[in-house]
Amino acid sequence: MDHFEVSNGVLHAEDVALPVIAAEVGTPVYVYSRATLTRHARVFRDALSILPAVKIAFAVKSNPNLAVLKVLAAEGYGADVVSGGEMERALAAGMKPDGIVFSGVGKTEAEMRRGIEAGIGQFNLESEEEGLELAEIAASMGKVASAALRVNPDVDAGTHGKISTGKAENKFGVPFDRAAAIYARLADTPGLNMRGLALHIGSQLSKLDPLEAAFTKVGGLMRAIREGGHAVTHMDLGGGVGVPYKAGEVFPQPAEYAAMVAKVTADWGVTLMFEPGRVITGNTGVLMTQVVRVKEGAGHPWVVVDAAMNDLARPALYDAWHDFAAVEPTGETFVANIVGPICESSDTFAMARTIDKVGRGDLAVFRTAGAYGATMANTYNSRPLVPEVMVDGEKWAVVADRIDPATILAAERVPDFLK
Ligand code: LLP
């Protein structure tokens with residue numbers, strides 16, 4: 001459920017008609033609904049409240065906008081971060097340091113040092129090498145770093161290959177059959193407080209079965225580690241719950257997810273940690289765009305919009321589907337291809353799709369663009385960096401400026417040897 005609805009013939013974000021935003025900010029622009037964000041955060045949190053001890057660390061990578069993080073901080077969310085930059089954002093948004101989890105295969109020494117200094121709650125270690133480095137840094141600072149070991153459970157998440165992370169051939173975590181031994185060695189290393197295991201098998205999962213299989217497998221590992229005499233008090237079950245991108249698709253609901261987790265973890269006796277991203281932010285945003293022109297083609301007409309793969313990369317990268325809707329729908333539809341202005345064929349949002357009839361100058365949105373949208377934008381073809389707006393009832397504000405090409409050009413230098 002979201003708060004993007006047509007009222008009096010015009011698509012609104014909550015109580016704000018989208019053309020109002022387009023007139024003031026221009027297009028393309030991401031528009032987020034605060035009410036939708038809050039609702040998703042609460043539904044997920046409330047669903048998990050059937051579990052005895054829970055910590056939720058929002059996957060900042062899905063939408064790192066400061067205003068978004070502020071809303072989630074107020075809902076009691078911590079953060080799952082994967083870079084120094086994300087960590088600073090989470091701290092700037094007022095998230096408590098001990099609610100921050102630092103994941104990722106390539107944490108640098110400087111990032112680990114800064115994380116220890118800031119007092120973040122948990123490092124999710126992706127290798128023994130990383131654990132030993134972290135221990136050394138912590139010890140040199142006279143501190144102890146809390147950590148979990150990320151395990152690669154070798155389970156097929158059944159999602160797009162490029163967003164699958166839990167198969168043996170993926171770079172993430174330590175191999176399942178070596179995990180207990182690595183855990184034992186790290187647990188005996190001064191400077192580290194090994195407190196648990198972590199896993200994340202992939203994103204945009206449409207079924208719970210792969211998650212259940214992975215959790216069950218890692219639960220067995222947890223028992224083996226305990227039998228070896230080491231404590232496991234925290235289990236981080238990652239993110240991955242998918243969302244419908246096409247009207248009518250059915251995805252697992254947070255309550256079903258929580259019930260499955262409750263069943264698998266009933267006798268674990270740990271604090272369960274979660275790292276949801278898309279399920280919180282996906283439906284929170286749309287990308288509003290304007291039709292530049294409609295170009296006749298050999299087949300279906302080409303609807304050329306002013307948003308492109310640099311603004312919303314998901315279709316080009318993962319063949320992802322985003323529903324397209326006119327801001328002022330007439331009820332008429334046609335079959336068309338939707339493309340951006342960038343000079344490569346991957347700048348295609350849809351082919352031969354039945355969509356609202358749109359023409360030159362019309363506004364439209366790509367839906368479910370709140371996760372992995374603006375954050376993956378870039379300036380390819382010297383296009384501006386897309387701005388972001390948040391709506392709250394009748395109020396709205398720009399929460400990230402459009403960075404124009406002149407600003408980017410001003411950061412470039414012609415070296416003396418070319419003068
Ligand atoms: N935890 C870890 C360790 C992760 O790597 C990820 C996502 C998450 C949590 C959050 O996953 P979620 O709940 O959002 O599925 N750019 C891609 C998605 C990449 C996901 C990367 N990791 C896309 O646009 O589909």
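As the structure lists them, so they are numbered: ligands from 1, and atoms in each ligand from 1.
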Looking only at non-hydrogen atoms, the one of G202, G173, G240 nearest atom 12 (P) of ligand 1 is G240
List the steps and the verdict of side chain to side chain donor-acceptor pair (under 3.5 Å) for Y183 and R178.
CA-CA 9 Å; Y183 193 98; R178 291 175 42 210; over 6 Å; no
Under 4.0 Å to a heavy atom of M376 - the qualifying atoms of ligand 1, by number:
16 (N)
Return a yes/no value for S62: is any of its N or O atoms, backbone included, closer than 3.5 angstrom to an N or O of ligand 1?
no
Nearest to atom 4 (C) of ligand 1, what protein heavy atom do you find, and at what distance?
K61 NZ, 3.1 Å
Quick check: closest heavy atoms across N152 and T165, and the distance to 0.1 Å?
ND2-O, 4.0 Å
Backbone or side chain, does any N or O of R278 fall under 3.5 Å from an N or O of ligand 1?
yes
Using a 6.0 Å distance limit plus a 45 degree cone around the ring axis, check whether R353 lies over the aromatic ring of W321.
yes
Ring of F123, cation from K107 - is the NZ or CZ under 6.0 Å from the centre and inside 45° of the axis?
no
Can you confirm if the NZ or CZ of K162 lies within 45° of the ring axis of Y318 and under 6.0 Å from the centre of its six-membered ring?
no
Test: R39 and D46 ion pair at under 4.0 Å
no
Number the atoms of ligand 1 from 1 as they appear, then name those within less than 4.0 Å of a heavy atom of G277, with their elements.
12 (P), 13 (O), 14 (O)
For atom 20 (C) of ligand 1, what's the nearest protein heavy atom and its distance?
Y372 OH, 3.6 Å
Residue, atom name and distance, where the atom is the protein heavy atom closest to atom 24 (O) of ligand 1
R314 NE, 2.6 Å
Could you say whether the N/O atoms of R150 and ligand 1 ever approach to under 3.5 Å?
no
protein heavy-atom neighbour closest to atom 15 (O) of ligand 1 works out as S203 OG, 2.4 Å
Could you see which bit of D80 sits under 4.0 Å from ligand 1, with heavy atoms only: side chain, backbone, both or neither?
side chain
Taking NZ, NE, NH1 and NH2 as the nitrogens, is one of them in R42 or E75 under 4.0 Å from a carboxylate oxygen of the other?
yes
In ligand 1, the atoms that come under 4.0 Å of a heavy atom of G239 are 9 (C), 13 (O)
As a check for students: among Q204, H200, E275, identify the option with a heavy atom nearest to atom 6 (C) of ligand 1.
H200
Go through the side-chain N and O atoms of T407 and D404 and say whether any donor and acceptor fall under 3.5 Å apart.
yes
One thing to verify: whether E212 and K263 come together as a salt bridge, which I'm taking to mean a side-chain N less than 4.0 angstrom from a carboxylate O.
yes
Does only the side chain of Y318 get under 4.0 Å from ligand 1, or the backbone, or both, or neither? Count heavy atoms.
side chain
